[in-house]
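Here the structure is laid out as structure tokens; the discussion comes afterwards.
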Amino acid sequence: MTETVAVLGTGIIGAPVARNLSKAGFAVRAWNRTAAKAEALAGDGVRVATSAAEAAEGAPVVITVLTDGPAVLAAIRAAAPAAGTIWVQLSTVGEAVDELIAYADEQGLIFVDAPVQGTRQPAELGQLIVLAAGAPAARETVQPLFDTIGKRTLWVGEDGRTGAASRLKLVLNTWVITLTHGVGEALALAEGLGVDPRHFVDVVTGGPMDNGYFQAKSAAILKNDYTTAFSVDNAEKDARLVLEAAARAGVRMDAVEAGQARFARASEAGHGDEDMAAGYFASFDK
């Protein structure tokens, strides 16, 4: 494949997305607000652009992988892709998807709403789950990209302009937030009560409460290894997006509200750039 793809945003998810697309034979141009992050991809055959506009010029597909809705909108405005360009939006943006859709309509862009489920390691392995909504006419073009960066694509709508995929991502993030704090609080209580935390993990392992996420996050906390797969600050942002959407829908989200506060406390304690498992530290006044 030699099709040109522009990737705007080369952070924890964007960098491996760009790298994997390049390895698969796509002609990838990458841009990032912090230039060094994009420049690190040059050895992987990625052409590093000095601006979003340079990355997007003439590219039939532009992918955005940034922190939130405002960052995505700023990047796509700066890129100014031509009418008819397919814009694949991989970020978690919550209700801000409506603003992105409005911009796409205004500029004549074909909007594919495609947030991804997964963190650093699945992204590096090309094992993300792509939640996608987009016009059937765009699928033939974007499916090979999704097959490269992910292990599965779940098409949830035939019009990216419904925001269906972005809203599904909020539902999934609600579960992730709940799991993360469940593990963290249980281990924090074990420490507080003088219980060997390994006994807790041993009882759960292999039973109906066990899962891969539990094993990964409990191991991180027990090893005091908070290498970032997905940061506390990004998790706090995602929790806020869930709460904003829930408020619009008239749904109470008590657990997510508490979870957002926990992530905020952990960030204030200096753990914002660490993995979201570091929400564990919100349980302690130290």
Side-chain angles (χ1 to χ4, degrees), residues 9-16 32-40 65-72 74-75 91-94 96 115-124 169-170 172-198 200-201 212-244 253-286:
T10 57
I12 287 177
I13 303 298
N32 195 74
R33 287 172 295 181
T34 303
K37 291 184 177 181
E39 289 165 358
V65 202
L66 295 116
T67 304
D68 55 21
V72 169
S91 312
T92 301
V93 298
V116 294
Q117 186 71 19
T119 53
R120 182 194 297 272
Q121 186 178 39
E124 291 175 346
K169 181 65 189 298
L170 295 180
L172 290 163
N173 281 356
T174 299
W175 184 230
V176 171
I177 291 163
T178 302
L179 289 174
T180 303
H181 289 308
V183 175
E185 288 197 336
L187 289 171
L189 183 60
E191 179 172 333
L193 297 179
V195 172
D196 187 336
R198 293 170 297 181
F200 159 63
V201 174
Y213 193 84
F214 169 81
Q215 293 294 333
K217 296 309 179 188
S218 62
I221 294 169
L222 291 178
K223 293 176 183 176
N224 197 35
D225 180 1
Y226 297 99
T227 302
T228 308
F230 192 78
S231 73
V232 165
D233 282 344
N234 270 329
E236 190 274 335
K237 178 268 296 184
D238 283 357
R240 282 188 285 109
L241 294 181
V242 170
L243 293 173
E244 290 167 5
M253 304 292 287
D254 299 326
V256 176
E257 186 173 358
Q260 183 270 331
R262 284 180 60 83
F263 284 134
R265 287 202 306 277
S267 181
E268 290 165 5
H271 301 283
D273 290 332
E274 296 175 349
D275 186 73
M276 63 193 297
Y280 165 80
F281 293 105
S283 291
F284 306 100
D285 295 322
K286 60 181 180 181

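Atoms considered below: every heavy atom in the structure, side chains included; atoms not considered: hydrogens, waters and symmetry mates.
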Main-chain N/O of [Y] paired with [X] side-chain donor or acceptor, under 3.5 Å:
| X | Y | value |
| --- | --- | --- |
| Asp225 | Ala220 | no |
| Lys169 | Val116 | yes |
| Thr228 | Asp273 | yes |
| Lys237 | Asp68 | no |
| Lys217 | Gly182 | no |
| Asn32 | Thr10 | yes |

Please step through side chain to side chain contact (heavy atoms under 4.5 Å, CB included) for the pair Thr119 and Met276, ending with a clear verdict. CA-CA 11 Å; Thr119 53; Met276 63 193 297; 5.7 Å; no
I need the minimum non-hydrogen distance between [X] and [Y], along with the two atoms involved.
| X | Y | value |
| --- | --- | --- |
| Asn173 | Gln117 | OD1-OE1, 4.2 Å |
| Leu66 | Ala71 | CB-CB, 4.1 Å |
| Arg265 | Ala282 | NH2-O, 3.2 Å |
| Leu187 | Tyr280 | C-CE1, 3.9 Å |
| Ser91 | Pro115 | O-CB, 3.6 Å |
| Thr178 | Thr174 | OG1-O, 2.9 Å |

With distance as the sole criterion, is a donor-acceptor pair present between the side chains of Ser231 and Asp233 under 3.5 Å? no
Would a 4.5 Å heavy-atom cut-off, applied to side chains only, mark [X] and [Y] as touching?
| X | Y | value |
| --- | --- | --- |
| Pro16 | Arg120 | no |
| Ser283 | Glu185 | yes |
| Phe230 | Asp238 | yes |
| His181 | Phe263 | yes |
| Tyr226 | Phe281 | yes |

Chi angles and distances behind the side chain to side chain contact (heavy atoms under 4.5 Å, CB included) call for Asn234, Thr67: CA-CA 7 Å; Asn234 270 329; Thr67 304; 3.5 Å; yes
